[in-house]
Student: 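One structure, as C-alpha cells, below. Some questions next.
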Amino acid sequence: MTQPKVAVIYYSATGHGTTMARRVTATAEAAGAEVRLRPVAETADPASFAHNPAWTANYEATKEQPNATGDDIVWADAVIFGSPTRFGSVASQLRGFLDSLGGLWSQGKLADKVYAGFTSTNTAHGGQETTLLTLYVTLMHWGGIIVPPGYTDPLKFADGNPYGASLLANHDNINEFDDTTYDALDHLARRVVSVAARLGS
C-alpha cells in the first residue's frame with residue numbers, strides 16, 4: 001500500500017479543535033501518513049474576542065502557522081475537517097473556506113478523495129451529529145468518499161458517534177479530552193489513513 005497524504009484542516013476558536021487536530025495529526029503520522037496540519041484563517045477581528053482569554057490564547061498560539069488553502073486539498077489523498085458546532089453546522093470560518101473552493105470543485109479537483117470530520121459542542125446533544133452531517137453534504141457535492149468511523153471498533157460504543165469524532169467541551173471541563181475522546185480521534189485518523197492507503201494501492 002502507498003503512503004497516503006492527509007490534510008487535517010480545521011477551525012478552532014478557543015483551542016479545543018486545535019487539540020483535536022493535533023491528536024488526529026499525530027495518530028495519522030504514526031499510522032504511516034504524510035500529514036499537513038492547517039488551521040483555517042480567523043476571520044473575526046481579534047478585538048471582538050479580546051474578552052475571551054481562551055480564544056485569544058488560541059489565536060496567538062496558531063496565527064503564525066500556515067493557513068489552509070485549496071492546494072492542501074488538491075495535494076491530499078484524504079482530508080479530515082474539524083470545526084466547532086455553530087447552531088447545528090460548522091463555524092462560519094470553515095464555511096467560508098469551503099465556499100471559496102468553487103473553482104477547484106468545477107475542475108473536479110476535490111472529487112475522489114477520502115473525507116471525514118470531527119467537531120465539538122458546549123452542551124450534550126448540542127448539534128454534533130448535524131454538524132458532521134451537514135459538512136458531509138458539502139463533501140458529497142464534491143464527489144468525495146465519506147469515511148465515517150461507524151461502529152467498526154468496540155470503542156465506538158463508548159463514544160457513541162458513528163459519524164465522526166466529537167467532544168463535549170463545556171465551561172466546567174466535564175468530559176474534556178478523556179480517554180474515550182482520544183480513542184475516538186485515534187480511530188478516526190487510523191481508519192482514514194487505512195482506507196486512503198487501500199484506495200491508492
Side-chain angles (χ1 to χ4, degrees), residues 1-13 17-18 20-29 31-44 59 62-120 127 129-149 163-166 185 188-201:
M1 290 189 287
T2 60
Q3 179 188 38
K5 295 178 290 187
V6 178
V8 179
I9 295 176
Y10 74 99
Y11 172 73
S12 180
T18 299
M20 297 174 84
R22 289 173 177 166
R23 179 74 179 214
V24 166
T25 296
T27 302
E29 288 176 340
E34 179 183 356
V35 185
R36 288 185 184 178
L37 175 63
R38 296 290 188 266
V40 170
E42 178 61 78
T43 57
Y59 173 75
T62 60
K63 69 179 182 179
E64 301 302 326
Q65 294 180 10
N67 286 322
T69 70
D71 289 340
D72 295 312
I73 301 177
V74 173
W75 166 85
D77 302 305
V79 182
I80 303 174
F81 285 111
S83 174
T85 291
R86 295 289 184 266
F87 304 112
S89 190
V90 298
S92 63
Q93 289 85 346
L94 180 59
R95 185 72 255 170
F97 172 74
L98 298 174
D99 289 347
S100 75
L101 301 173
L104 294 175
W105 165 79
S106 68
Q107 299 172 59
K109 292 185 176 181
L110 308 179
D112 303 328
K113 298 175 184 291
V114 169
Y115 292 101
F118 61 86
T119 189
S120 62
E129 292 180 358
T130 59
T131 295
L132 293 168
L133 290 172
T134 55
L135 170 64
Y136 293 164
V137 168
T138 296
L139 305 180
M140 283 186 261
H141 278 252
W142 292 359
I145 302 165
I146 312 300
V147 178
Y163 306 102
S166 54
L185 290 165
L188 181 72
R190 287 192 293 264
R191 181 163 162 77
V192 166
V193 171
S194 174
V195 173
R198 280 180 278 160
L199 288 173
S201 62

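Heavy-atom basis, side chains included; hydrogens, waters and symmetry copies ignored.
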Student: Compare every heavy atom of Ala189 with every heavy atom of Ala28, then report the nearest pair and how far apart it is.
Tutor: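 Reported closest heavy-atom pair: N-CB, 4.0 Å.
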Student: Is Thr69 reaching over with its side chain to a backbone N or O of Asp71, donor-acceptor style, under 3.5 angstrom?
Tutor: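 Yes, Thr69 side chain to Asp71 backbone: donor-acceptor pair under 3.5 Å.
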Student: Are more than 12 heavy atoms from other residues, nucleotides or ligands located less than 6.0 Å from atom NZ of Lys5?
Tutor: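 Above 12, so yes.
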Student: Quick one, Pro84 and Tyr11 - any side-chain contact, counting heavy atoms below 4.5 Å?
Tutor: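 Yes, side chains in contact.
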Student: Return the minimal non-hydrogen interatomic distance between Ala33 and Val193, and the atom names on each side.
Tutor: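 What the structure gives for the nearest pair is CB-CG2, 3.8 Å.
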Student: Of the options Leu199, Ile80, Asp77, Val79, which is the one that meets Val114 in a side chain to side chain contact (heavy atoms under 4.5 Å, CB included)?
Tutor: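 Looking at Leu199, Ile80, Asp77, Val79, the match for Val114 under the side chain to side chain contact (heavy atoms under 4.5 Å, CB included) is Leu199.
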Student: Closest heavy-atom contact between Thr2 and Pro4?
Tutor: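 Taking every non-hydrogen atom into account, O-CD, 3.1 Å.
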Student: Using side-chain heavy atoms (C-beta onward) and a distance below 4.5 Å, is Trp142 in contact with Thr138?
Tutor: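 Sidechains of Thr138 and Trp142: in contact.
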Student: Look at the side chain of Ser106 and the backbone N and O of Gly103, then say whether any donor-acceptor pair between them is shorter than 3.5 Å.
Tutor: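 Side chain of Ser106 to backbone of Gly103, a donor-acceptor pair under 3.5 Å: yes, one is there.
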Student: For a 4.5 angstrom cut-off between non-hydrogen side-chain atoms, does Thr119 reach Tyr163?
Tutor: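 No, side chains not in contact.
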Student: Does the side chain of Glu42 reach to within under 4.5 Å of the side chain of Gln93, using non-hydrogen atoms?
Tutor: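 Yes, side chains in contact.
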Student: Check whether any side-chain N or O of Lys113 sits under 3.5 Å from a backbone N or O of Ala76 as a donor-acceptor pair, and report yes or no.
Tutor: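 Side chain of Lys113 to backbone of Ala76, a donor-acceptor pair under 3.5 Å: yes, one is there.
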Student: Just verifying a value: how many Å separate Leu98 CG and Leu139 CG, rounded to the nearest 0.5 Å?
Tutor: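 CG of Leu139 is found 7.0 Å from CG of Leu98.
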Student: Hey, mind stepping through Ile73 and Phe97 against side chain to side chain contact (heavy atoms under 4.5 Å, CB included) and telling me if it holds?
Tutor: CA-CA 12 Å; Ile73 301 177; Phe97 172 74; 4.1 Å; yes
Student: Nearest 0.5 Å, what's the CE-OG distance between Met20 and Ser83?
Tutor: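 Reported to 0.5 Å precision, the distance equals 10.5 Å.
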Student: Compare all side-chain heavy atoms of Trp75 with those of Glu34 and state whether any distance is below 4.5 angstrom.
Tutor: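 Heavy-atom side-chain distance check passes, below 4.5 Å.
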Student: If we only count heavy atoms from C-beta on, is the Val24 to Leu37 side-chain gap below 4.5 Å?
Tutor: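 The answer is no; the side chains never approach within 4.5 Å.
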Student: Between atom OH of Tyr115 and atom CD1 of Ile146, what is the distance when rounded to the nearest 0.5 Å?
Tutor: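 With rounding to 0.5 Å, OH (Tyr115) is 8.5 Å from CD1 (Ile146).
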Student: Please find the pair of heavy atoms, one from Ala78 and one from Ala196, that lie closest to each other, and give the distance.
Tutor: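 Reported closest heavy-atom pair: CB-CB, 4.0 Å.
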Student: At their closest point, which heavy atom of Gly88 faces which heavy atom of Thr130, and how far apart are they?
Tutor: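 Closest approach of Gly88 to Thr130: O-OG1, 3.0 Å.
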Student: Can you measure from CG (Leu135) to CG (Leu94) and round to the nearest 0.5 angstrom?
Tutor: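 So the gap between those two atoms works out to 6.5 Å.
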Student: Mind checking whether Thr62 and Thr18 have side chains closer than 4.5 Å, heavy atoms only?
Tutor: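 In contact.
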Student: Judged by modelled atom types alone, do Arg190 and Ser194 share a side-chain donor-acceptor pair under 3.5 Å?
Tutor: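 No - no donor-acceptor pair under 3.5 Å links their side chains.
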Student: Measure the spacing between CG of Leu185 and CZ of Phe118 and express it to the nearest 0.5 Å.
Tutor: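 Answer rounded to 0.5 Å: 7.0 Å.
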Student: Taking the side chain as C-beta and beyond, is there a heavy-atom pair between Tyr10 and Phe81 under 4.5 Å?
Tutor: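 When only atoms from C-beta onward are counted, Phe81 and Tyr10 do not touch, as no gap falls below 4.5 Å.
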Student: With side chain to side chain contact (heavy atoms under 4.5 Å, CB included) as the test, would you mind laying out the steps for Val147 and Ile145 before giving the verdict?
Tutor: CA-CA 6 Å; Val147 178; Ile145 302 165; 4.3 Å; yes
Student: Please report the closest heavy-atom contact between Ile9 and Ala68, naming both atoms and the distance.
Tutor: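 Closest approach of Ile9 to Ala68: CG2-CB, 3.6 Å.
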Student: For the atom pair CZ (Arg38) and CG (Asn67), what is the distance rounded to the nearest 0.5 Å?
Tutor: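 Atom-to-atom, Arg38:CZ and Asn67:CG are 9.5 Å apart.
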